[in-house]
Every structure is written in C-alpha cells, then in structure tokens.
Amino acid sequence: MDKTFNATASEAAISTRWQETGAFRAGANKSRDETFCVMIPPPNVTGSLHMGHAFNNTLQDILVRWHRMRGFDTLWQPGQDHAGIATQMVVERKLAAEGQPGRRELGREAFLEKVWEWKKESGGTIIEQLKRLGASCDWERNAFTMSGAPGAPEGEEGNFHDAVIKVFVDLYNKGLIYRGKRLVNWDPHFETAISDLEVENLEVEGHMWHFKYPLAGGATYEYVEKDEDGNVVLRETRDYISIATTRPETMLGDGAVAVHPDDERYAPIVGKLCEIPVGPKEHRRLIPIITDEYPDPDFGSGAVKITGAHDFNDYAVAKRGNIPCYRLMDTNGAMRADGAAYSEEAAKAAAIRDGREASEAKIDAINLVPEAYRGMDRFEARKAVVADITAEGLAVMTLSDDPRLGKRPKKKDAEEEVATPVPLVEAKTIMQPFGDRSKVVIEPMLTDQWFVKADVLAEEAIAAVEDGRTKILPERDARVYFNWMRNIEPWCISRQLWWGHRIPVWYGPTKDSHEKEGVAGSVHFCAANEADVIEQAKAYYGDDVEVSFLTDGVGGQMSGMGSTSQADGTLKITSVSLSRDPDVLDTWFSSGLWPIGTLGWPEDTSEMQRFFPTSTLVTGFDIIFFWVARMMMMQLAVTGQAPFDTVYVHALVRDEKGRKMSKSIGNVIDPLNLIDKYGADAVRFTMAAMAAMGRDLKLSEKRVEGYRNFGTKLWNASRFAEMNGAVGGTAEVPTATATVNKWIIGETARLREAHDDALAQYRFNDAAVALYTHIWNVFCDWYVEFTKPLLAEGAPEREETQKVMAWALDQCLVMAHPVMPFITEQLWGDLGERAKMLVHADWPEFGAEVADPAADAEMSWVISLIEGIRSLRSEMGLSPSAKLTLALTGASEEAKARLERNRVLIERLARLEPVEFADSAPEGSVTLPIEGAEACLPLKGLVDVAAESARLKKASAKLEKEIGGLTSKLSNEKFLAKAPEDVVAEQRERLETAKDELAKLQQAAARVASLG
RNA sequence: GGGCGGUUAGCUCAGUUGGUAGAGCAACUCGUUUACACCGAGUGGGUCGGGGGUUCGAGUCCCUCACCGCCCACCA
C-alpha cells in the first residue's frame, strides 16, 4: 500500500466504485427483513453544499451505512426541493443579468421553460457535492418535488406532481382546504403572500408620530387626564383626538378610532365621528370612535386608529366591530395607483352604521388615496403624509425637552436651549416583519388566498407524538413541536408565483349571474384534471352546457358565459369558459408530502409497502415547523400513518465564535474547501464528534485537522500491520494464547458495544470518541507497540499475533466505516483479498463473551507498570535511552507470573534490562508500588534526591487526602446505613488500596532520604 | 412579554439513571527505538457562573440570582 493516503484521488475512485456496483441501492446487502429508511431533507435545487448540509447528511449517512452493514433492508431516499420563491428569484436574476426578457415579458409558459432549463444545467450541483461527502443515498432514485408537473421536460417524469394535486383535491373535498379573504403576510418584492413562518420579525429604529384627528363638525369635549392617585394633571378643551402611529401612510385606510371602554378620557366622545386628517379637505373621511378591549390606555395616547386591511391587530378589532377594511396598496407595496374608489354600497352601509342618512354618504365619490399619493411607494407616502399633516398644524406638539423625544444633540446657541414647541415624534425601536427571502418589509394585506385548516390536521399530528407512534429526540424538541402545533394558525398555501404546483381550481360565473347586472359572482371547481372539472361544471350548469377553458397568459382573465333567450323570455346558458387559478402552492405543501411522494404514492408501490412508514428522520431544528410538522400533518391526513418512527433533531453549525454562518458576516466555512484540504472523512469525523445531542456545534478548522491526523494514524497502523504480515483477517473471532492478544480481542468487543450503544441512542459523539480512543490509544499506542517483539521473525507468538492483529484491525475498519467511509474502504481493499467491499461488510456481533477478564486485568497491570516507570524516568530527568535495571520485590506469585508472561513487552516499552526478582529492595533504590509487588529501580547516583523526595511527597499528599476523605465517609454512620452496599464496599476497597500504596510510598521515601 | 438552552482546565467541548471531574487543541519538558513528526513519552492546569436547599453523598435533582445565546409573540 501507499505510504500516505491520497484522499482526493482515493475518494473519487471509491465513490465511482460504489456507484458502479450499486452499493447504495435500496436493499443492497440485505440479509434480514427489517427495513431502515431515511428520507433526506431535500436541499433546495438552487442550493450548494453548506455546513448545515454537511452535518445533517453526515449523521444520516452514519446511520444508513451502519444499518446497511448490519443487513437491514436499507433505503436512503435522496432528492431536491423545487423551492418556489428561491428558484424563481434565481432565474429572474439570471435573466436580468444576461439582459434577457424578464418573467412578465416572457409570459408564464416561456418563463417556466427557462426555469426547467436552468434546473437541468445547474440543479445537479448539490448532488455531486453530497456524493463527495460520501452520502450513500440510492442516487438512482433521486427525486424532485416538481417531477411530473405539466411542462416538465424529458427526464423529469415522475408522479410527485400527481401526488400533490391529489392531496390538494382530497383535502379540499374533506373541507380541510378552503378559500378565504383574510389578512395575510404580503411580500411586496416577490408580490406574493407568504406564510407566518417565512416572516422574520426584526427590531428596527422607527418613529411614532402623534397626530390630531379633528372631531366632526368642530365638536369639542373636556379632556381630563389623571395621575395614578386620581389627581387631575391636565384639563383642557379639545376639538380633536390624539392618535399615535408608527405607520402614518396607512391612515388613509383607517376605518375607526378605538379606545378602551374604561378609558374615561375619551368617554365623552365615544360614538362620535372624527376626521382622518390627510388629503384634500373637502374629501376627508369621517370615521367613528369606538370602544374595544384592544387599546392599552397607558400606551401612546390610548387611542388607536383601526386600519383593518394593513394590520393584524386592527383586523381583529375591525372584525369584532364590523369596521370596514380598506386596502390601500397595490401588490408592489405602492399606494394604489387607481386611488381605489370604494363602493357606494359600502359607503352607505358605513353612513347608516354611523348614524347618518344614507343620502349623506358623500364619500361614495371619494377615492381612498388622494391623487398626490397615488403610485407612491409606501415609505415615500409615509414621509409625504407626515409632512402634509405637520404643515397643516395637525401634529401634536410638545416642548423640545419632552423626554419622549429622546436624547437630542445639544444646541450651541444658548437661546435655543429654551424649550420650544416641536412636533411629538418619538424615536422607538419597533418590531418589524421582514420577508425571510426578500428582506423587504412585509405588508399585511387583505387578499383572497387558499388556506389549510391546520388546527384540524394538527390534532392527529399531536396525538401521534403523544402516544409514541413518532418519537422526537431530543425530548425538548418534542415540546417545541407540541407548543407550536397546539397554537397553530390557518396555513396560507397559495403563492402568487409561477414556479410551483398550480392550484387545481377553476373559476366560472355563477349560473344566475347572467340575470344580474354588474359584477358577476364566481363559483369554482376543484379537481385533479380538466375532465373532472368539466364533469363538475356540467353538474352545476347543466349537461348540455358547453364547457371550455381559457388559456392562461399571466392569468386572471375573466371567465365568461354564453346564453340564448328562451321562449319564455328567460335566458338559457349554452356555454361557459372557466379560468384556472393562477396561483401555485407553497413549496412546503409539496415537500410536506416528501415521504410518500418519493415512494410512489398514490400508487401502491412496493416501496410504499416496504419502506413506509419510514424509520428515522434526521433534521435541523430550524425546520421543525416548516417541514417536520407539515409532514406529520399531511402524511397522517393522507395515509393515516405517522411517517417516521423517530425524528432526530440536531442543532446548527456555527462558526468558532458561536455565530450563525452567514454570507453577510463572511464567516461561512465551505465544507468543500475543507474536504479538498483534509478529506471527506476528516470533515465527517469532525461532524460526528461534535454532534452532542441538541447542542450547537462551533466548527474550527483545527478540529478538522486533528481528525485528519486520526485518519493518518489509522493509515500508518495499517501499514505496520501489512509490513508485519498481519493482513487478511478472518471474520470469526480468532483464538489466542498470548495475554496481549486475548486483551485486544476483549478491547475490540468493548468498542463494538460502546459504539453500537451510542449510535442506537443517536449519541454520535460518543460513537466517534469510542472509535478514536480505541484506535489511537488502545490499538496504536499499546497493542501495536506490545506486538512488535511478538511479530519478530521467529518469535513463537508471531503467527497468532498476525492473525489477531489482522482481525482486530479489520474490526477497526468495519466499525470506523460509517464515520470514515473512504479511508476505511481504501484500507480494506489494500489489506487483503476481500469477498465484498467494506461498504457491505458484515457488522460484528460479538460482545463481552469474547473478552478474558484475567487478560484484561493483567494488561492493566502491565500498562500501569510501564507508565509508572516512564513517568518516574521522565520526572527524574533520566536519559530516555538509558536502559534501567529493575527488580521486583515482595512479588506475589501472580505478579511474578504476570511479569514472566509479558517480560519482553515490558522490558521493551519501559526500556529495561532483564527484570529480576529480589527479596528486598536493592540499596539505593527508588520504588514504585504496583499491585502485588514493588518495582525497585537502583538509581543511586543517578537520581536527584531532592526531586524524588518531592515527587514522593506529592504522591503521598494526594493519597493522604483521598484516605482522609474515604475515612470520614466510611465512619459516617448515615453513609453506612443509607448508601447501597456495593458503593460502600467499593469505598472500603479504595481505602485499603490507598493505605497500602501510602505505606509503600513512605518506605520509599525513607530509602530515598538515606540516599542523600 | 412568554418559552428554551448555555455558563466545567488557557480555548472548544464531553460528562447516559446523583457515588469526590474527562477529551481534543494550546502550553511546558524530553525524544532521530525499523507504522506514523499529520509522531512518541511525560508534565502542569478546574472552589464544575454566584447563593440557598434536598441527600449519607450534587457538575448531575429543586429554588433563586447574574450574565450570554436562541426561538416564539399583535402593544398602535
């Protein structure tokens, strides 16, 4: 074999061999009926491998390889997510960068073609990167959440789209999906609704303006403000109500002003009307002052403007109080260019409600948005509104030293320090919603959207985790899951995008709409295909009505209807044309079907039968809500079965300072660079070693380097084995006579148990540590060193040791393979003729029964003797190369036997002349207490008496402290009475040992003293 | 405002049902013994954030305080 491991070359070659031999195919290496199926969290098709992927997929791969080697019928299902917004954004940018026509110019169909083209060119990046990491997915089954969608090109067949549509229709038919006009989070950049989860609330610096809303007709009232004790602090006559707002541009859409019912300040004017102080005076709207529990009397002025169409709180108030909601903005967040005249009907209703005659409803002629603001961006409009109100003198004024204004720079001019009246504009940090992708401020917007009754679906999803059908680990993440599920809101699933699964709903006019004038009503039909739509439409309109479909473009054309007059003078419908909903589904709606969608549902495929429900889902906590919760809800709703046996939730990879890796901070570590530099195995081992359950991991390159070194160590140990003919181990546990060989067999068995226990409980770090210490500290540091003399030409133990070492090394390769697949596969091939590749090697099953406790005890004895001598030698400053003489005094038969059996090893590793036995310590000896004997090194003249005395003193002090502690504990009657017997016995034993050692040390000290 | 997590050796972190603390890296000393300097041998270093409690016994359980971090949340 080569002198060093060439990771780059080796990884590529091995990866190819795995692929070519179908090593990762579902069921490969199957030797039992149990299945093990893992669904990859599908990366975005736009994605490239980042640390989160590397971590997530390393953990999955460890589990998958481990199970595959153990003979499970294993499937790791790979694939990608079409990622609606992200992908559409990427392609739009690309078109713009290339100077090509944009999305709208292209039109829907042509644009989608561009997206598919892009997917073909760039969509496979991450798959290749995952392969470099060593991910053993069944790549031939690679899935895509848009496969089989209309317009999908060759090579993108599949039934994922059918599954998505079928689920939509089924849930619709069950009444679990509905259309509604609700306030949703609107992203003005992408011009689409988004779900609550796609909004991130951030603190930003903002302002709160205070404006006067004049009372209608110049009415006045006595405004009285009291302090906590009821003393009047302010009494004045006002002809206005003061409103505090952070969003003046929405004033134009106010439907009311609300005050708390118990707020005495405003009691005199509740029920009266006030005027929105924006726009041309002759066109200003009057709105009622109402009461609602929502306003907090202690905040702002205690009076809140209610803008139902642009604020979630206000929307709730508006619903309660039957207050009209006026949508002020276009989909891009600009003030409505059409001014948005609201209907006469609405105006009349409002007038009547406000206690006026319908004829007084002059507002029917008025537009919501005055000419001056139309088309203005909402933030520009804010400035304009503030400026206009202030110019008109309707801003609430305060003195310039009002603490609410915050700290202001000191003015130089002494005269200006006198408090002067200024508009009250408080500087505040406010929480503002941003689109997680677009990074623009989200606008609550009143629109028609499709919703899933998530609260209904959540019931089963909660129950499935409660009753243990699905186990979420660590447990605290189950609590997070429950908490969210139990407070779930309706899920808005429609998106005003093009890239995605189009909503299978068609609209048409109501059948009586030809009898009415004006705006036609609308009905809709939900079906998986046009044939079914036609059937439904005929059932509604009549069998002889001709049903046709309008072709899209951008979408949104009016559906239409044809009719003929009948003899009796009524009209008969002869034809209708239906138009399909232009919107697509939230990406998470389709990825929520990932488990069954990839297994071929709704067909009853063999994969569905074999692998569903799946085994373990490994995912980051950041997508518990987005993805895990949705998969639970949807799979349960569709199949009645919980999709996973276990959900293992892991933490995030952060940089060495604990910060989230982000492009803007510039602290992103590219896993591919690390793989180039240190090899995939090193990166993987690092991930596993740091994967303590539930904790964030801070990644440092140093750590990766360390585990690269670990791989090198394994490589070199293998070279040693090869050079000594210790290759081609048997699968069976070999028999051994030499203690050291018996011992390594036991150690290997302990590794197997520790490793498997750890992995069974998802303690990846414990598994990694077990491998590390066994291979480095046990196998390399001790076993290899011990066996050097045994492997010498002509040594009687040579043959046995070769066999045992070959076996023990093989076991290391096998057990390290899930974590470090490449280097172990390379070594496996280099070290012998193998029937199978390591990826399919048999996982060991031996346990403690192959260990020899006597051999273990003996080797511990040998090791502590050697360590004692080495330590002493080093502390005494003795030359490392000088051979020392050693005599054992007072040796028990056991100790003598142990020494004889391991004489060569001990003498070699401790660099000793042949060890002798003696009745008493030779003159001038330094002694070392060991079990069953004292090791005496005659060091007269060689040793620094002072240093040795100090050493012994220190060792004695340590022992004395221990003895003190143990003694007081053992004389404590409560301890003796209440502690379990084995604990007491153990403490007693410890005390005896400590006393024994101390006595020996004291003798040694006396002898050393006599040396000086 | 709610909820969760963290605080253990200089640094990064383990510590599974309570039985007197571990690893890696870093530091220091020594080392050209035929697998490996991406190495070997050895050494130093911790009142387990503060305080209180339960217990024979607490890093580990309970209460409390402090600081750091994350998630969720509608105070205009």
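Every value quoted in this text rests on a predicted model; they were computed, and no experiment measured them. Numbers restart at 1 for each chain; the letters A, B, ... are given by sequence-line order, proteins then strands.
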Tell me: [atom1] of [X] to [atom2] of [N], nearest whole Å?
X: A:N972; N: B:U55; atom1: CG; atom2: P; answer: 13 Å
X: A:F975; N: B:U20; atom1: CZ; atom2: P; answer: 10 Å
X: A:H260; N: B:C75; atom1: NE2; atom2: C1'; answer: 13 Å
X: A:Y772; N: B:G24; atom1: OH; atom2: C1'; answer: 6 Å
X: A:R476; N: B:G5; atom1: CZ; atom2: P; answer: 6 Å
X: A:I775; N: B:G24; atom1: CD1; atom2: P; answer: 15 Å
X: A:D622; N: B:G69; atom1: CG; atom2: P; answer: 20 Å
X: A:E293; N: B:C74; atom1: CD; atom2: C1'; answer: 16 Å

**Asked** Heavy atoms, side chains only, cut-off 4.5 Å: are A:C325 and A:Y315 in contact?
**Response** yes
**Close side-chain approach of A:T250 and A:Y326, heavy atoms under 4.5 Å** = no
In whole Å, measure the gap between the [atom1] atoms of [N] and [M] for me.
N: B:U64; M: B:C56; atom1: C1'; value: 26 Å
N: B:G50; M: B:G10; atom1: C1'; value: 22 Å
N: B:C75; M: B:A14; atom1: C1'; value: 44 Å
N: B:U34; M: B:C11; atom1: P; value: 39 Å
N: B:G19; M: B:C61; atom1: C1'; value: 14 Å
N: B:A21; M: B:A9; atom1: P; value: 15 Å
N: B:G49; M: B:U12; atom1: P; value: 15 Å
N: B:G51; M: B:G1; atom1: P; value: 27 Å

**Request:** With sequence neighbours left out, write down each residue that passes side-chain hydrogen bond (donor to acceptor under 3.5 Å, both in side chains) with A:D781, or none if nothing qualifies.
**Result:** A:N777
**Request:** Taking side-chain hydrogen bond (donor to acceptor under 3.5 Å, both in side chains) as the test, write out the residues that go with A:E989, two or more places apart.
**Result:** none
Select one nucleotide: of [options], the one nearest the side-chain heavy atoms of [X].
X: A:R479; options: B:G5, B:U16, B:A76; answer: B:G5
X: A:F625; options: B:G5, B:C71, B:G19; answer: B:C71
X: A:K978; options: B:G19, B:C56, B:C75; answer: B:C56

**Request:** Give the intermediate values and the outcome of side-chain contact (heavy atoms from CB on, under 4.5 Å) for residues A:V386 and A:F211.
**Result:** CA-CA 9 Å; A:V386 169; A:F211 296 131; 4.1 Å; yes
Does [X] reach a base, just sugar-phosphate, or nothing at all? Heavy atoms under 4.0 Å.
X: A:G302; answer: base
X: A:M431; answer: base
X: A:Q987; answer: sugar-phosphate

**Request:** Determine, using ring centers only, whether A:F764 and A:Y648 are less than 6.0 Å apart.
**Result:** yes
**Prompt:** Ring centres of A:H650 and A:F55 under 6.0 Å apart?
**Reply:** yes
**Message:** Contact list please: residues 304-316 of chain A against RNA chain B, heavy atoms, distance less than 4.0 Å, in numerical order.
**Reply:** A:V304, A:N313
**Item:** Closest-nucleotide ordering on RNA chain B, the 5'-leading residue of A:D766 and A:L976
**Value:** A:D766
**Asked** How far apart are the C-alpha atoms of A:Y772 and A:Y707, what are their side-chain angles, what is the distance that settles it, and do they pass the ring pair (Phe, Tyr, Trp, His ring centres under 6.0 Å) test?
**Response** CA-CA 9 Å; A:Y772 190 94; A:Y707 292 122; 5.7 Å; yes
**Message:** For A:K788, is the NZ atom crowded, meaning more than 12 foreign heavy atoms sit under 6.0 Å from it?
**Reply:** yes
**Item:** Closest non-hydrogen atom pair between A:A680 and A:I675, with its separation
**Value:** N-CG2, 3.8 Å
**Message:** Working note: A:K305 + A:T307, criterion side chain to side chain donor-acceptor pair (under 3.5 Å); need CA distance, chi angles, decisive distance, verdict.
**Reply:** CA-CA 6 Å; A:K305 67 192 210 58; A:T307 320; 2.8 Å; yes
**Message:** Tell me whether the NZ or CZ atom of A:R486 lies within the 45° cone about the ring axis of A:F482 and under 6.0 Å from its centre.
**Reply:** yes
**Complete:** Its dot-bracket string being built from Watson-Crick and G-U pairs below 3.5 Å, with | for another strand and [ ] for crossing, RNA chain B has the pattern (((((((..((((.....[..)))).(((((.......))))).....(((((..]....))))))))))))....
**Asked** How does protein reach along nucleotides 26-42 of chain B, written 5' to 3' as B (base within reach of a heavy atom under 4.0 Å), S (only sugar-phosphate), or - (no contact)?
**Response** ----SS-B-BB-BSSSS
**Partners meeting salt bridge (charged side-chain N to carboxylate O under 4.0 Å, His left out) with A:R378 (sequence neighbours left out)** = A:E443
